[in-house]
Student: 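I am attaching a structure below and will ask some questions about it afterwards.
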Amino acid sequence: MSTPVRVRFAPSPTGFLHVGGARTALFNWLHARHTGGTFVLRIEDTDRERHNEEAVRAIYHGLRWLGLDWDEGAEKGGDFGPYYQSERGPIYERYLGILQDKGMIYEDAGALRFRSPRETVTVHDEVCGSIPFDLSNPGTHPDMTVRRPDGSWIFHFVNVVDDIEMKISHVIRGEDHLSNTPKHVELYKAFGVEPPRFAHIPLILNPDGSKMSKRDTGASVQSYIQQGYAPEAVRNYLCLLGWSPKDNREILPIEEIISLFELKNINRRSAGFDLDKCFWMNGQYLIQMPLERFTDLSLPFINAAGINYGTREGLVPVLALVKEKVKHLTDVPAWIEFFFNDDYTYDEASVEKSLRTEGALGRLQALGAHLANVEPWTAETIEAAFKDLAAALGVKTALLVHPARVAATGRSVGPSLYHLLELLGRERVLARFDRTREKFFP
RNA sequence: GGCGCGCUCGUCUAGAGGCCUAGGACACAGCCCUCUCAAGGCUGGUACACGGGUUCGAAUCCCGUGCGCGCUGCCA
């Protein structure tokens, strides 16, 4: 008979969600979703001192942003609560009593220690295989402390107690815990409980190979939220750190990853975090995602920039135009600003290059006159008008395009000019041409 | 120091004895496309840490060495 799959993510409230932690949560979530199991969120604030609402909220926020919903646990409830260690004192007391009754606990300078049986313990790991650890030498493997003199609990003890109480079937965590695992197994044995299956996943390193920690660039999930990444892109990228579908695909829908994900296919080597690739993947997601989704994700940044776009109906076509240019959602305001502001600013270098050159003013005026007669006003007819005029003037189309773009948008880069002019509308285009002429050639 | 884990292009990876003169992706370079910038397409360079085995044959198995990381806490 197989026990139901129950996995957990058990972060300590440090104030933010680390990408390494996010990836651990992700792998737990994937395993739960793949097997139809339960994903539990437990907060490891071993005591009141560590309990910090704000820090805990940062974790919820990061997980939710990544779409890692938990079935049971903090803020959600369930049959195995409470899900904050700071509230589980009585349970730990009870378990301590079990070991005390068996004579496995002794006092040392006020702290309580667990007396190791001093045997060889073999850890069976889904990712790393079976590894024997010789714990017979007290010099190298001292008896672990389970409770401090002030009554607060030590991680190893409460972690094991909670996993037993919450009926966790698979412990999926960072490889930094692999060497701690034999100690945990000793505890399971002492409680007379079969240990869960373990799966230690490789660590995420900095590009230079050092361990990624708080201050490192890109270490906090929050930074991806702020920099305008799409959550599905970051999540997809994280999936590829230590796992792969093995068929050369990299961008794949989460539903498919869920169906393909197996603990056995997780790599054993640690992975360097490649911000360039994450950035590239974000651009790919942005280009491919539906316009409505793109709009939803862009809105917070547009609002933060204070752009007065009127209605969503008016905004969407503009976003459709610039969508393919965007690599970070934070770039959206800069791409669309000129559209909603007739008093847009001009990029000086672009003005210099495209407008203050021989014949540019004359071409712009001729273009204005030419565009005044285009019917109907569509990207196709506008394009034809540009080409016709260029031919008539005996110049390359580019010599009309560049001045027109700078005149209409203030910049030299942007999406397809013809589509942009169409959307802007003839009146505004011609008015912008006039404004530009008056401003630079009074 | 001890113990553990790891070691394929700069990075993420495919590879589970012959399919590998090692494949894909990011990044990089060049070319093409083109109204700009991107995107896209094409091409190119760069990798099995080292040394011994085992085998007809090893990136793949074994043993050393080296390097990296982790643990070794009354941190989690």
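Below, chains carry the letters A, B, ... as their sequence lines are ordered, and counting in each starts from 1. Quick caveat, the model's predicted, so the values are computed rather than measured.
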Student: Could you say whether Lys277(A) or Tyr237(A) is positioned toward the 5' end of RNA chain B, judged by the nucleotide with the nearest heavy atom to each?
Tutor: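 Residue closer to the 5' terminus by nearest nucleotide: Tyr237(A).
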Student: Give none if C71(B) has no partner; otherwise give the nucleotide forming a Watson-Crick or G-U wobble pair with it, both distances under 3.5 Å.
Tutor: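 Across all strands, the one nucleotide that pairs with C71(B) is G2(B).
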Student: Distance check needed: C48(B) C1' versus Asn267(A) CG, whole Å only.
Tutor: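 Spelled out: CG on Asn267(A) to C1' on C48(B) is 15 Å.
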Student: Quantified in whole Å, what is the P atom distance between nucleotide G10(B) and nucleotide C32(B)?
Tutor: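 Going atom to atom, P in each nucleotide, I get 29 Å.
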Student: C1' atom, C42(B) versus U36(B): distance in rounded Å?
Tutor: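 Those two atoms are separated by 23 Å.
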Student: In terms of the nearest nucleotide of RNA chain B, which residue is placed more toward the 5' end: Trp243(A) or Cys278(A)?
Tutor: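 Going by which nucleotide is closer to the 5' end, it is Trp243(A).
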Student: From CD1 of Ile266(A) over to C1' of C12(B), roughly how many Å is that when rounded to an integer?
Tutor: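 Ile266(A) atom CD1 is separated from C12(B) atom C1' by 15 Å.
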Student: Any base atoms under 4.0 Å from Ala111(A), or only sugar-phosphate, or nothing? Heavy atoms, all strands.
Tutor: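 Base contact - Ala111(A) has a heavy atom under 4.0 Å of at least one base atom.
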Student: Taking the C1' atom in each of U60(B) and G17(B), what is the distance between them to the nearest angstrom?
Tutor: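 My reading of the C1' atoms in U60(B) and G17(B) gives 7 Å.
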Student: When every nucleotide of nucleotides 64-72 of chain B is labelled 5' to 3' by its protein contacts under 4.0 Å (heavy atoms), B for base, S for sugar-phosphate only, - for none, what sequence of letters results?
Tutor: -----SBSS
Student: Between Tyr92(A) and Phe157(A), how do the two ring planes meet: parallel, tilted or perpendicular, split at 30° and 60°?
Tutor: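 If you compare the ring of Tyr92(A) with that of Phe157(A), the planes turn out perpendicular.
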Student: Can you establish whether the number of heavy atoms outside Arg148(A) located under 6.0 Å from its atom CZ is more than 12?
Tutor: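 Check passes, neighbour count above 12.
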Student: Measure the distance from CZ on Phe114(A) to P on G73(B) and round it to the nearest whole Å.
Tutor: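 Rounded to whole Å, this separation is 16 Å.
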Student: Any residue in residues 244-259 of chain A with a heavy atom nearer than 4.0 angstrom to RNA chain B? Just list them by number, or reply none.
Tutor: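 Hits under 4.0 Å, by residue number: Ser244(A), Lys246(A), Asn248(A), Glu250(A).
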Student: Whole Å only: how far is the CG atom of Asn265(A) from the P atom of A14(B)?
Tutor: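 Distance check: Asn265(A) CG to A14(B) P gives 9 Å.
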Student: Of all the heavy-atom pairs spanning Asp274(A) and Tyr237(A), show the shortest one and how long it is.
Tutor: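 Taking Asp274(A) first and Tyr237(A) second, the nearest heavy atoms are N-OH, 2.8 Å.
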Student: At under 4.0 Å between heavy atoms, how does the protein contact nucleotides 29-41 of chain B? Give one character per nucleotide, 5' to 3', with B, S or -.
Tutor: ------BBBBSS-
Student: Sticking with atom P, work out how far C63(B) lies from C5(B), rounded to a whole angstrom.
Tutor: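 Each nucleotide's P atom is 11 Å from the other's.
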Student: Expressed as a whole number of Å, how far does the C1' atom of C71(B) sit from that of G57(B)?
Tutor: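 The same atom, C1', in both gives a distance of 40 Å.
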Student: Answer with base, sugar-phosphate or nothing: what part of the nucleic acid does Pro149(A) contact at a heavy-atom distance below 4.0 Å?
Tutor: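 Contact class for Pro149(A): base.
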Student: Strictly under 6.0 Å, is that where the ring centroids of Phe198(A) and His170(A) end up?
Tutor: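 Not close enough - the centres of the two rings lie 6.0 Å or further apart.
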Student: Calculate the interatomic distance between Asp276(A) atom CG and C28(B) atom P; express it in whole Å.
Tutor: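 Interatomic distance, CG of Asp276(A) to P of C28(B): 7 Å.
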Student: What about the rings of His328(A) and Tyr229(A), do their centers lie closer together than 6.0 Å?
Tutor: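 Between His328(A) and Tyr229(A), the centre distance is under 6.0 Å.
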Student: Any strand is fair game: report the nucleotide pairing with C35(B) by Watson-Crick or G-U wobble, both distances under 3.5 Å, or none.
Tutor: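 The base-pairing partner of C35(B), which may sit in any strand shown, does not exist here.
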Student: Suppose we screen for side-chain contact (heavy atoms from CB on, under 4.5 Å). Which residues come up paired with Ser179(A), at least two apart in sequence or across chains?
Tutor: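 Here no residue qualifies.
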Student: Would you mind pulling out the nucleotide paired to A22(B), Watson-Crick or G-U wobble, both distances under 3.5 Å?
Tutor: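 With both distances under 3.5 Å required, A22(B) matches none.
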Student: Regarding Arg173(A) and Thr181(A), is there a side-chain donor-to-acceptor distance under 3.5 Å anywhere?
Tutor: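 A donor-acceptor contact under 3.5 Å links the two side chains.
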Student: Looking at U46(B), which nucleotide sits across from it as a Watson-Crick or G-U wobble partner, both distances under 3.5 angstrom, or is there none?
Tutor: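 U46(B) is unpaired by these criteria.
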Student: Leu238(A) has an atom CG; how far is it from atom P of A25(B), in whole Å?
Tutor: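 Taking CG of Leu238(A) and P of A25(B), I get 22 Å after rounding.
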Student: Could you walk me through whether Tyr344(A) and Phe339(A) pass the ring pair (Phe, Tyr, Trp, His ring centres under 6.0 Å) test, one step at a time?
Tutor: CA-CA 8 Å; Tyr344(A) 53 93; Phe339(A) 201 94; over 10 Å; no
Student: Establish, yes or no, whether a centroid distance under 6.0 Å links the rings of His184(A) and His156(A).
Tutor: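 Yes.
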Student: Scan for ring-ring contact (aromatic ring centres under 6.0 Å, His included) pairs involving residues 362-381 of chain A, sequence neighbours excluded, and state none if there are none.
Tutor: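 For residues 362-381 of chain A: none.
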Student: Using a cut-off of 4.0 Å on non-hydrogen atoms, how would the nucleic acid contact of Ala10(A) be classed: base, sugar-phosphate, or nothing?
Tutor: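 Nothing: the residue Ala10(A), judged by heavy atoms under 4.0 Å, touches no strand.
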Student: If G17(B) has a Watson-Crick or G-U wobble mate with both distances under 3.5 Å, name it; if not, just say none.
Tutor: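 With both distances under 3.5 Å required, G17(B) matches none.
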Student: For G51(B), give the paired nucleotide (Watson-Crick: N1-N3 plus N6-O4 or O6-N4; G-U: N1-O2 and O6-N3; both under 3.5 Å), or none.
Tutor: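 Its partner is C63(B) (Watson-Crick or G-U wobble, both distances under 3.5 Å).
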Student: For residues 383-403 of chain A, dump all side-chain donor-acceptor pairs below 3.5 Å to protein atoms at least two apart in sequence or in another chain.
Tutor:
residue	atom	partner	partner atom	Å
Glu383(A)	OE2	Lys387(A)	NZ	2.7

Student: Taking all atoms of both residues into account, what is the closest heavy-atom pair of Leu30(A) and Cys239(A), and its distance?
Tutor: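 In terms of heavy atoms, the two residues are closest at CD1-SG, 4.0 Å.
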Student: What distance, rounded to whole Å, do you find between the two P atoms, one in A49(B) and one in G1(B)?
Tutor: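 The same atom, P, in both gives a distance of 23 Å.
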Student: Is there a side-chain polar atom (N or O) of Arg147(A) under 4.0 Å from OP1 or OP2 of C74(B)?
Tutor: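 Negative; the distance criterion is not met.
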Student: Determine the Euclidean distance between corresponding P atoms of U13(B) and G53(B); express it in Å to zero decimal places.
Tutor: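 Those two atoms are separated by 33 Å.
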Student: Does A76(B) have a Watson-Crick or wobble partner in any strand here, with both distances under 3.5 angstrom, and which is it?
Tutor: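 Here A76(B) is not engaged in any pair, so there is no nucleotide opposite it.
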Student: Rounded to whole Å, please give me the gap between NZ in Lys264(A) and P in A16(B).
Tutor: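 Rounded to whole Å, this separation is 19 Å.
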Student: Let me know the distance between CE of Met281(A) and P of U11(B), rounded to the nearest Å.
Tutor: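 To the nearest whole Å, that distance equals 18 Å.
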Student: Work out how far the C1' atom of C33(B) is from that of G41(B), and round it to whole angstrom.
Tutor: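 These two C1' atoms come out 8 Å apart once rounded.
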Student: Ignoring hydrogens, what is the shortest heavy-atom contact between Tyr83(A) and Leu41(A)? Give both atom names and the distance.
Tutor: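 Where Tyr83(A) meets Leu41(A) most closely, the heavy atoms are CB-O, 3.8 Å.
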Student: Applying the ring-ring contact (aromatic ring centres under 6.0 Å, His included) criterion to Phe27(A), which one of Phe39(A), Phe261(A), Trp243(A) satisfies it?
Tutor: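 Checked Phe39(A), Phe261(A), Trp243(A) against Phe27(A); only one passes ring-ring contact (aromatic ring centres under 6.0 Å, His included): Phe261(A).
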Student: Regarding Asp134(A), tell me which of base, sugar-phosphate or nothing describes its non-hydrogen contacts under 4.0 Å with the strands shown.
Tutor: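 Answer is nothing: Asp134(A) stays at 4.0 Å or more from every strand.
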